[in-house]
Number of protein chains: 2
Amino acid sequence: MDRKNIPRATVRRLSLYCRYLAEIREQDIEYVSSRELGGGIGTNAAQVRKDLSFFDRFGTPGRGYPVGFLHQRLEQILGIDGRRWQVAIIGVGRLGSALVDYGGFLKHGFHVVAVLDSDKKKIGQTVKSLTIEDVADLKAVIERSRVDIVVVAVPAEFAQRVATQAVDAGIRAVLNFAPATLILPEEVNLRHVDLAVAMESLSFHLIR
Amino acid sequence: MDRKNIPRATVRRLSLYCRYLAEIREQDIEYVSSRELGGGIGTNAAQVRKDLSFFDRFGTPGRGYPVGFLHQRLEQILGIDGRRWQVAIIGVGRLGSALVDYGGFLKHGFHVVAVLDSDKKKIGQTVKSLTIEDVADLKAVIERSRVDIVVVAVPAEFAQRVATQAVDAGIRAVLNFAPATLILPEEVNLRHVDLAVAMESLSFHLIR
DNA sequence: CTATGTGAAGGCCTTCACAGCG
DNA sequence: CGCTGTGAAGGCCTTCACATAG
């Protein structure tokens with residue numbers, strides 16, 4: 001099974017299945033059918049079975065999927081089992097600081113190990129026991145802290161530069177919050193969280 | 001042209017084209033080719049032409065697209081020209097408050113007109129000259145302030161309830177930041193901004 | 001000769017439908 | 001008999017390629 005050939009949409013749903021399974025696991029439910037699992041994340045039974053079939057035969061015909069086992073396997077597949085991904089956040093504005101102590105990071109195996117900014121007034125201050133470092137030292141910080149994932153939370157006009165520097169320093173995964181399109185080498189994993197795009201798509205569909 | 005039949009991906013790119021056009025318009029560039037426009041947002045020329053052809057013939061063969069005109073038309077199409085969409089933000093935690101004064105809202109025709117929370121200690125306090133109201137009064141607030149779009153920024157366990165209440169109060173567009181899958185009627189426009197999903201999809205692709 | 005607009009082809013993802021297993 | 005796993009069908013979106021306009 002080559003991870004490159006898995007549909008993006010499937011990976012997205014894997015996260016949602018995983019979250020749903022965590023919830024019903026708490027309720028000591030032992031088996032879940034593809035229909036229930038699909039309903040729980042807003043898709044259908046066939047989609048669930050197809051998604052899971054990319055990886056293995058997790059289910060038992062006539063019964064469904066064993067909740068605990070499937071949950072555990074999905075965490076392995078997503079790479080959030082035990083493992084700790086080292087995250088650096090660049091840009092400590094409103095959004096950046098909200099992200100630093102966003103509980104969700106730690107909970108799911110992501111660990112913020114560095115915070116950077118270009119503002120001399122911020123450099124040296126601490127956020128959640130992390131000292132804000134100079135973005136000019138990005139490469140050194142990435143290497144020293146063994147950063148896996150870079151979160152870009154700087155103003156739009158600096159986003160491309162910062163992202164390129166991160167990639168030059170060896171980074172292969174970038175999560176961009178800046179309202180800007182980043183152009184990076186094909187092999188770099190890039191995700192956008194774009195408020196403007198989301199709002200405008202709502203606006204588009206509200207008309208008429 | 002029925003807005004319902006436009007591919008989601010096309011609407012998404014419309015926002016990106018619009019942003020790119022705004023940038024080069026500043027530089028007094030008069031015409032842009034589909035190739036340049038595509039390159040600017042990380043797609044190709046054919047895609048640009050197909051996307052735009054859903055709406056009109058904006059271009060001039062041999063020259064390209066007139067930047068100012070196309071920008072203006074895309075703003076109209078997206079519904080962000082002059083018009084003001086009224087936004088309510090539910091949940092004034094770290095994320096919620098970061099959103100309230102996130103400049104990007106106002107700039108593009110979105111106007112935060114109400115902020116709500118369930119925490120008695122927060123209700124009555126002000127954020128950016130808005131008084132935090134009781135989420136129990138959601139329906140009244142939505143009607144009084146003529147809210148078009150609801151932003152859900154509450155903890156996951158309350159997200160579904162709050163969203164359902166908003167829809168019952170007549171809301172037809174929801175932007176969800178909570179790490180939870182919302183199940184809402186088909187006709188409601190729903191967008192998710194899901195950090196966990198984005199991070200986990202990066203994690204998935206980083207393995208091996 | 002350059003660059004758009006668009007039917008047709010291609011590719012990817014979702015849905016169907018059913019064989020087969022428990 | 002219920003529910004999974006999966007090839008095949010279907011549908012949607014992207015890419016191609018060329019007729020057409022300036």
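A note on names: the letters A, B, ... follow the listed sequences, proteins ahead of strands, and every chain is numbered from 1.
Side-chain contact between F204(A) and I6(B) is present, with heavy atoms from C-beta onward closer than 4.5 Å.
Contact annotation: Y65(B) side-chain N/O to dG5(C) OP1/OP2 distance is under 4.0 Å. For Q47(B) and dT15(D), the shortest distance from a side-chain N or O to OP1 or OP2 is below 4.0 Å. For R57(B) and dA21(D), the shortest distance from a side-chain N or O to OP1 or OP2 is not below 4.0 Å.
The interatomic distance linking F58(A) (CZ) with dC3(D) (C1') rounds to 17 Å, in whole Å. For the pair D51(B) CG and dT6(C) P, the computed distance is 13 Å after rounding to whole Å. For the pair R12(A) CZ and dC13(C) C1', the computed distance is 14 Å after rounding to whole Å. Note: CG (N5(A)) to C1' (dC12(C)) measures 11 Å, nearest angstrom. One interatomic measurement links the two molecules: NZ of K50(B) to P of dC18(D), which rounds to 16 Å at whole-angstrom precision. Per the geometry, CD1 belonging to I6(B) stands 13 Å off C1' belonging to dC12(D), to the nearest Å. Distance R63(A) CZ to dG5(D) P: 14 Å, rounded to the nearest Å. Whole-Å rounding puts the L52(A) CG to dG5(D) P distance at 7 Å.
The side chain of S33(B) lies closest to dT4(C) when the candidates are dT4(C), dC16(D), dT4(D). Among the nucleotides dT6(C), dT14(C), dT15(C), the one closest to the side chain of N44(A) is dT15(C). You'll find that the side chain of R49(B) is closest to dT4(C), out of dC16(D), dT15(C), dT4(C).
Counting only distance, with no hydrogens or angles, the side chain of N189(B) and the backbone of R172(B) share a donor-acceptor pair below 3.5 Å. In this structure, D134(A) contributes its side chain and D137(A) its backbone to no donor-acceptor pair below 3.5 Å. No donor-acceptor pair closer than 3.5 Å links the side chain of S201(A) to the backbone N or O of V11(B).
Across the interface with DNA chain C, nearest-nucleotide mapping of P61(A) and P7(A) shows P7(A) to be the residue nearer the 5′ end. Both R8(B) and S34(A) sit near DNA chain D, but only S34(A) has its closest nucleotide nearer the 5' end. Looking at which nucleotide of DNA chain C each of T60(A) and A46(A) is closest to, the 5′-most match is held by A46(A).
Contact annotation for G64(A): backbone-only contact, meaning every heavy-atom pair under 4.0 Å involves sugar-phosphate atoms and none involves a base. R35(A) comes within 4.0 angstrom of no nucleic acid atom, judged by non-hydrogen atoms across all strands.
Checking each of V147(A), L184(A), D148(A), V188(A) against I171(A) for a side chain to side chain contact (heavy atoms under 4.5 Å, CB included) leaves exactly one that passes, namely V147(A).
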